[in-house]
Amino acid sequence: MNAHELTRHFKKLFGDEPRIFRAPGRVNLIGEHTDYNDGFVMPAAVGFSTYVAIAARADRKLGIRSEEFPGDFAFDVDHLPETRLGTWCDYVLGVASVLGQRGAKLRGANVLVHGEVPLAAGLSSSAALEVASALALISIGEIELPLPAVAKLCQQAENVFVGARVGIMDQFVSCMGKAGHALLLDCRSLEFQFVPLPAGIRLVVCNTMVKHDLATGAYNRRREECEQAVRCFAQWDPAIGALRDVSVELLNEHGHDLPVTIWKRCSHVVHENQRTLQVADSLRQGDLARVGELMRQSHDSLRDLYEVSCRELDIMVDVAQDLPGFVGGRMTGGGFGGCTVNLVREAAAQGFATQIAERYQQKTGIKPQVYLCTAEDGARELT
Ligand code: GLA
């Protein structure tokens, strides 16, 4: 599907010439479960995108349809639902609803969505849909909003309207990603730097094809555990407002005063923040061996301390280790299934993809999908 086909389909359905907005999915190189702890993350936008075609209507109706999913939704822009309907259209509606609550003058419009980000794979198909929808709705409403503010708006839609307490990482990189670069983001200040990915390295994303049911509940539970940890640390040091503020020294000093589970969660977050900054430095210095070590440590910590990996992810990470061209790999995203991200030397990437798929299938009986990716630009209007 290209922009031309989407335009043709839109015109056939609604008669008007649309404007088209594209927003990418992402992989996270390192910094997992740190964003909602005010910490550091380092994702990259990838080539899978969601496209939203939009044209204003003369009346106050908001019509929403998808090329992939059933449903022909219609709402009154002056009386949008305030909570989720439980369908894919919540991500579009959530954005419209939050814009409306903020006093934006929404217009009636027809919206047609086309998504290419693999679903339930931990590659942020929801953030891509939110961001593309936000840019589309903003464009016809003549609302001025810089991209970082668009990212926050989309996060709020997901937190408040959809009901998933996600951090800012996915929406931010979908808005702000840059081709050939990872984005090192301070999730507290939203200051960021682009870190060039070394020449001759490919991002190989391996989809385990499993998504375990506990994902959403366990995600929210991890957040609560982190909040509990912050309350404990604040007793010992009132300056602690988030796990971002806990140093390795403070963690070690109070390790024994914390319930074991809470200690494990903190220990992951505190060290993961450090690893993320170290990976950024090591990439800049071209020290790929160190990058590989840190990615492996990140995976082990997510498996043993944060406990968000699963058998299939662990197998995918293990079978990569001695393949030709492999630099480093780990689970990526929220966990409990989805994908691993691997840095692989370009010349070996195709062979790596074939061999990892064979090995994974041998051990699990599941045929994985493997995507050879590059870091891409963030969301844009297509012209
Ligand atoms: C999901 C969330 C992100 C982040 C990751 C874990 O992708 O949407 O905000 O918390 O999990 O790092």
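Just the heavy atoms: all of them, side chains too, but no hydrogens, waters or symmetry mates, feed the values below. Note that ligands are numbered from 1 as they come in the structure, with each ligand's atoms numbered from 1 the same way.
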- Proximity flag Arg222 to ligand 1, non-hydrogen atoms under 4.0 Å: no
With heavy atoms and a 4.0 Å threshold, my read on which part of Arg26 contacts ligand 1 is side chain
protein heavy-atom neighbour closest to atom 8 (O) of ligand 1 works out as Asp170 OD2, 2.7 Å
Ligand 1 atoms nearer than 4.0 angstrom to some heavy atom of Gly167 are 9 (O)
Check: Glu82/Ser97 side-chain N/O donor and acceptor closer than 3.5 Å
no
For residues 26-44, the salt bridge (Lys or Arg N to Asp or Glu O under 4.0 Å) pairs (sequence neighbours left out) are Arg26-Asp170, Glu32-Arg330, Asp38-Arg188
among protein heavy atoms, the one nearest atom 3 (C) of ligand 1 is Asp35 OD2, 3.3 Å
query = Is Arg22 paired with Glu376 through a side-chain N to carboxylate O contact shorter than 4.0 Å?
reply = no
Between Phe326 and Ala320 the two heavy atoms that sit nearest each other are CG-O, 3.4 Å
for atom 2 (C) of ligand 1, nearest protein heavy atom and its distance come out as Tyr219 OH, 3.4 Å
Salt bridge (Lys or Arg N to Asp or Glu O under 4.0 Å) filter on Lys363, not counting sequence neighbours, yields none
Based purely on interatomic distance, does Glu32 place a nitrogen or oxygen under 3.5 Å from a nitrogen or oxygen of ligand 1? yes
The atoms of ligand 1 lying under 4.0 Å from a heavy atom of Tyr36, numbered in the order shown, are 10 (O)
Nearest heavy atom to atom 5 (C) of ligand 1, choosing from Gln171, Met331, Met169, Gln155, belongs to Met169
For Leu145 and Leu153 the tightest heavy-atom approach is CD2-CD2, 4.5 Å
Do the side chains of Arg359 and Asp318 get close enough for a salt bridge, i.e. N-O under 4.0 angstrom? no
Using a plain distance cutoff, I'd like to know if His33 has any nitrogen or oxygen under 3.5 Å from a nitrogen or oxygen of ligand 1.
yes
